[in-house]
Peer 1: 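Could you have a look at this structure, given as structure tokens, before my questions?
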Amino acid sequence: MEKEVRVRFAPSPTGGLHIGGVRTILYNYLFAKQNKGKFILRIEDTDQSRFVPGAPDEGVNYGGNYGPYRQSERKKIYRQYAEQLVAQGNAYYAFDTPVDLENKRNAIPNFQYNQATRMHMRNSMTIPHEAAEALVREGAPHVIRIKMPTYENVYFNDLIRGDVAFDTNQVDDKVLLKADGMPTYHLAVVVDDYLMKISHVFRGEEWLPSAPVHILLWKYLGWETDMPQWVHLPLILKPDGKGKLSKRDGERLGFPVFATEWIDPKTNEKAIGYQEIGFLPQALNNLLALLGWNDSTDQEIFSLEEMVDKFSLERVHKGGAKFDWDKAKWFNAEWLKKLSATELLPYVTPMLAEKNIRPDMQYLSTIVDLVKERCVLLPDFYEQSFFFFNAPQLYDMDALKNKWAAEKDLFFNDLISHFKQTENWEAPQIERVFKELASAKAIKIGELMLPFRVMLVGGKFGPQVFLIAQYIGKQETIDRIVKALGIVT
RNA sequence: GGCCCGUUCGUCUAGGGGUUAGGACGUUAGAUUUUCAUUCUAGAAACAGGGGUUCGAUUCCCCUACGGGCUACCA
């Protein structure tokens with residue numbers, strides 16, 4: 001029988017939700033759904049000094065049978081396993097203070113606490129066993145480190161990278177349990193994944209070098225047969241070159257790197273998120289999924305359902321991908337065009353409400369359909385549609401006054417009276433009235449269209465001008481012409 | 001420095017021993033749109049380098065170069 005697929009996302013609560021993390025969640029989710037498995041949310045909060053008060057199947061707020069899901073609530077469990085490793089000889093107590101280590105690193109270039117150096121340090125392998133035990137009993141500050149074997153190779157199969165090998169001589173004796181009694185990520189992740197019966201570990205490539213530590217832990221703890229499959233995802237890189245995409249890049253290059261707004265509690269700096277800048281969730285998922293995965297066809301627009309259906313780890317890239325803000329915006333524009341007005345309403349309505357525009361939903365739907373193809377981000381809806389709800393306050397005077405002549409003044413005055421008599425107030429009819437009057441007065445249409453537009457919307461933008469006249473209504477159209485005429489003359 | 005991972009247009013990528021190396025974003029030119037956007041057409045643009053293997057390598061192997069990650073009592 002195949003093992004049940006259980007995956008988890010284990011964010012640290014110390015930062016905003018980075019889009020790299022969103023992609024990891026997405027891949028986890030797609031994989032879990034595809035395999036009828038479970039997706040679990042767990043909080044990695046083992047670092048107390050960085051603790052910040054602050055659609056899974058199990059997790060902190062969802063319940064489940066493998067909790068608690070917060071690592072700080074699980075302290076005792078880790079200690080027990082760490083002690084087990086010491087008893088087995090796979091780990092040892094180390095009494096070196098942070099200052100000791102600091103001095104070592106300063107004195108010896110590239111100092112590593114490993115098989116080559118541990119016999120020169122202060123730990124339970126260099127001082128008599130009883131003395132070490134006594135120290136621990138008396139509460140002397142100490143950590144527990146893994147004892148990496150010498151001259152061994154750790155092999156494992158990564159679902160994306162294939163076979164990977166590490167020489168244990170090159171891996172240092174990572175701290176498993178810190179002096180404050182909390183586990184490090186290395187111990188916690190292994191214990192938690194075992195206890196929560198995780199079948200596949202999805203994480204960023206930056207974790208690859210510590211994989212041998214984790215694998216050895218699975219082995220030493222006697223859980224080798226339950227060890228999950230490893231899936232190290234490629235990184236999302238800076239658009240302009242070097243390194244992983246970071247918060248700073250967003251500020252520097254002018255695009256968000258967090259899913260939602262994030263306020264740094266230390267500096268109080270606010271970083272805007274994809275949600276706030278006006279991305280549709282569908283677009284963010286879509287663009288992130290395609291950053292490192294494709295289905296081998298030319299298709300680029302995928303719904304979540306399609307992705308669940310088509311996603312496969314074999315088609316995830318090995319190499320990191322530079323983030324492209326232009327392409328990201330394109331995904332959003334595509335989704336804006338793809339979604340119906342009804343589907344868009346939940347996003348557009350609150351955005352307009354912020355600007356004190358609360359239109360009738362029926363009317364809004366019509367307008368959304370009319371302008372959505374000229375929008376890239378959600379706030380563009382305001383720029384592209386405010387004039388359907390309110391008369392413009394400001395006019396592009398250059399566009400309006402350019403080549404203004406008395407004859408045009410006359411034209412628009414006559415136009416007002418013609419409009420007043422127009423019965424069938426629909427775009428084609430409005431256009432006919434407009435053009436007939438223009439030709440009667442022998443003025444070129446091209447001379448009149450732009451001024452008319454500016455009178456109705458305030459500038460050189462918006463959909464077809466006669467459609468605008470139709471939707472704002474006869475009286476409003478006339479009012480706006482009158483108002484504008486008063487300003488221009 | 002050491003270890004690990006990677007390398008097709010500027011970017012995201014398809015492809016894979018014999019192809020005019022395909023698509024998308026961006027970009028350039030044009031058409032449509034009496035505003036802008038959309039849409040459409042066309043163009044420029046890539047197999048990092050060197051050795052093998054082979055009748056033939058962009059594709060397989062090795063080396064180099066370059067890029068990235070890790071090298072904390074952070075995750």
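Since we're looking at a predicted model, the values are computed, not measured. Throughout, a chain's letter reflects where its sequence line sits, starting with A, and its residues are numbered from 1.
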Peer 1: So, do V257(A) and S246(A) sit near enough that their side-chain heavy atoms are less than 4.5 Å apart?
Peer 2: no

Peer 1: Sequence neighbours excluded, which residues qualify as ring-ring contact (aromatic ring centres under 6.0 Å, His included) partners of W293(A)?
Peer 2: F302(A), F311(A)

Peer 1: Choose from rA24(B), rC5(B), rG68(B) the nucleotide whose nearest atom is closest to any side-chain atom of L235(A).
Peer 2: rG68(B)

Peer 1: Below the 4.0 Å mark, does rC73(B) have OP1 or OP2 next to a side-chain nitrogen or oxygen of R145(A)?
Peer 2: yes

Peer 1: Could you list the residues that satisfy side-chain hydrogen bond (donor to acceptor under 3.5 Å, both in side chains) with T260(A), not counting sequence neighbours?
Peer 2: none

Peer 1: Can you tell me how far P in rG56(B) sits from the matching atom in rU41(B), rounded to whole Å?
Peer 2: 42 Å

Peer 1: Mind checking what makes salt bridge (charged side-chain N to carboxylate O under 4.0 Å, His left out) contact with E206(A), not counting sequence neighbours?
Peer 2: none

Peer 1: Give me the distance, rounded to whole Å, that separates rU13(B) from rU7(B) when you measure between the C1' atoms they each carry.
Peer 2: 14 Å

Peer 1: Suppose we define a pair by two distances each less than 3.5 Å, Watson-Crick or G-U wobble; what does rC60(B) pair with here?
Peer 2: rG52(B)

Peer 1: Taking salt bridge (Lys or Arg N to Asp or Glu O under 4.0 Å) as the cut-off, I'd like each qualifying pair that reaches into residues 284-303 of chain A, sequence neighbours left out, listed once.
Peer 2: E300(A)-K327(A)

Peer 1: With R145(A) as the cation and Y113(A) as the aromatic partner, state whether NZ or CZ is under 6.0 Å from the six-membered ring centre and within 45° of the axis.
Peer 2: yes

Peer 1: In whole angstrom, give me the gap between the P atoms of rA44(B) and rG15(B).
Peer 2: 24 Å

Peer 1: For residues 207-216 of chain A, which residue pairs pass the side chain to side chain donor-acceptor pair (under 3.5 Å) check, not counting sequence neighbours?
Peer 2: H186(A)-H214(A), R203(A)-H214(A)

Peer 1: Regarding P141(A), tell me which of base, sugar-phosphate or nothing describes its non-hydrogen contacts under 4.0 Å with the strands shown.
Peer 2: nothing

Peer 1: Give the residues of residues 113-127 of chain A touching RNA chain B, defined as any heavy atom closer than 4.0 Å, sorted by residue number.
Peer 2: none

Peer 1: What integer distance in Å separates Q170(A):CD from rC3(B):P?
Peer 2: 6 Å

Peer 1: Just N and O in the side chain of R161(A): are any of them under 4.0 Å from OP1 or OP2 of rG68(B)?
Peer 2: no

Peer 1: List every contact pair, protein side and nucleotides 39-46 of chain B side both N or O, where the distance is under 3.5 Å.
Peer 2:
residue	atom	partner	partner atom	Å
rU39(B)	OP1	K337(A)	NZ	2.9

Peer 1: In whole angstrom, give me the gap between the P atoms of rA65(B) and rU19(B).
Peer 2: 32 Å

Peer 1: L448(A) CG to rU35(B) P: how many Å, rounded?
Peer 2: 14 Å

Peer 1: Can you check the distance between rG26(B) and rA46(B), where both ends of the measurement are the C1' atom (answer in whole Å)?
Peer 2: 15 Å

Peer 1: Could you state the CG-P distance from D326(A) to rG10(B), rounded to the nearest angstrom?
Peer 2: 16 Å

Peer 1: Distance check needed: rC5(B) C1' versus K244(A) NZ, whole Å only.
Peer 2: 14 Å

Peer 1: Mind listing the residues from residues 205-218 of chain A sitting with a heavy atom below 4.0 Å of RNA chain B? Number order is fine.
Peer 2: E205(A), E206(A), W207(A), L208(A), P209(A)

Peer 1: Please give, in whole Å, the distance from rC3(B) C1' to M148(A) CE?
Peer 2: 12 Å

Peer 1: Using nucleotides 12-14 of chain B, report all nitrogen or oxygen pairs with the protein that are shorter than 3.5 Å.
Peer 2:
residue	atom	partner	partner atom	Å
rC12(B)	OP1	K322(A)	N	2.9
rC12(B)	O2'	L290(A)	O	3.4
rU13(B)	OP1	G292(A)	N	3.0
rU13(B)	O3'	N294(A)	ND2	2.8
rU13(B)	O3'	H317(A)	NE2	2.9
rA14(B)	OP1	N294(A)	ND2	2.7
rA14(B)	OP1	H317(A)	NE2	3.1
rA14(B)	OP2	H317(A)	NE2	3.0
rA14(B)	O3'	R315(A)	NH2	3.4

Peer 1: How would you label the contact of T97(A) with the nucleic acid (heavy atoms, under 4.0 Å): base, sugar-phosphate, or nothing?
Peer 2: base

Peer 1: Reading RNA chain B from 5' onward, which residue's closest nucleotide shows up sooner: K444(A) or D96(A)?
Peer 2: K444(A)

Peer 1: Kindly list each side-chain donor-acceptor pair under 3.5 angstrom involving residues 456-471 of chain A, sequence neighbours excluded, with atom names and distances?
Peer 2:
residue	atom	partner	partner atom	Å
Q464(A)	OE1	F466(A)	N	3.3
Q464(A)	OE1	L467(A)	N	3.4
Q470(A)	OE1	A427(A)	N	2.9

Peer 1: For Y93(A), give me all partners under side-chain hydrogen bond (donor to acceptor under 3.5 Å, both in side chains), at least two apart in sequence or on another chain.
Peer 2: E83(A)

Peer 1: Say we look at rU58(B) and rC9(B): how far apart would their C1' atoms be, to the nearest angstrom?
Peer 2: 14 Å

Peer 1: From OH of Y395(A) over to C1' of rU35(B), roughly how many Å is that when rounded to an integer?
Peer 2: 16 Å

Peer 1: Strictly by modelled atom types, are Q384(A) and K372(A) linked by a side-chain donor-acceptor pair under 3.5 Å?
Peer 2: no

Peer 1: With K435(A), which residues qualify under side-chain hydrogen bond (donor to acceptor under 3.5 Å, both in side chains), at least two apart?
Peer 2: E431(A)

Peer 1: Is it true that the side chains of N332(A) and Y274(A) contain a donor and an acceptor less than 3.5 Å apart?
Peer 2: no

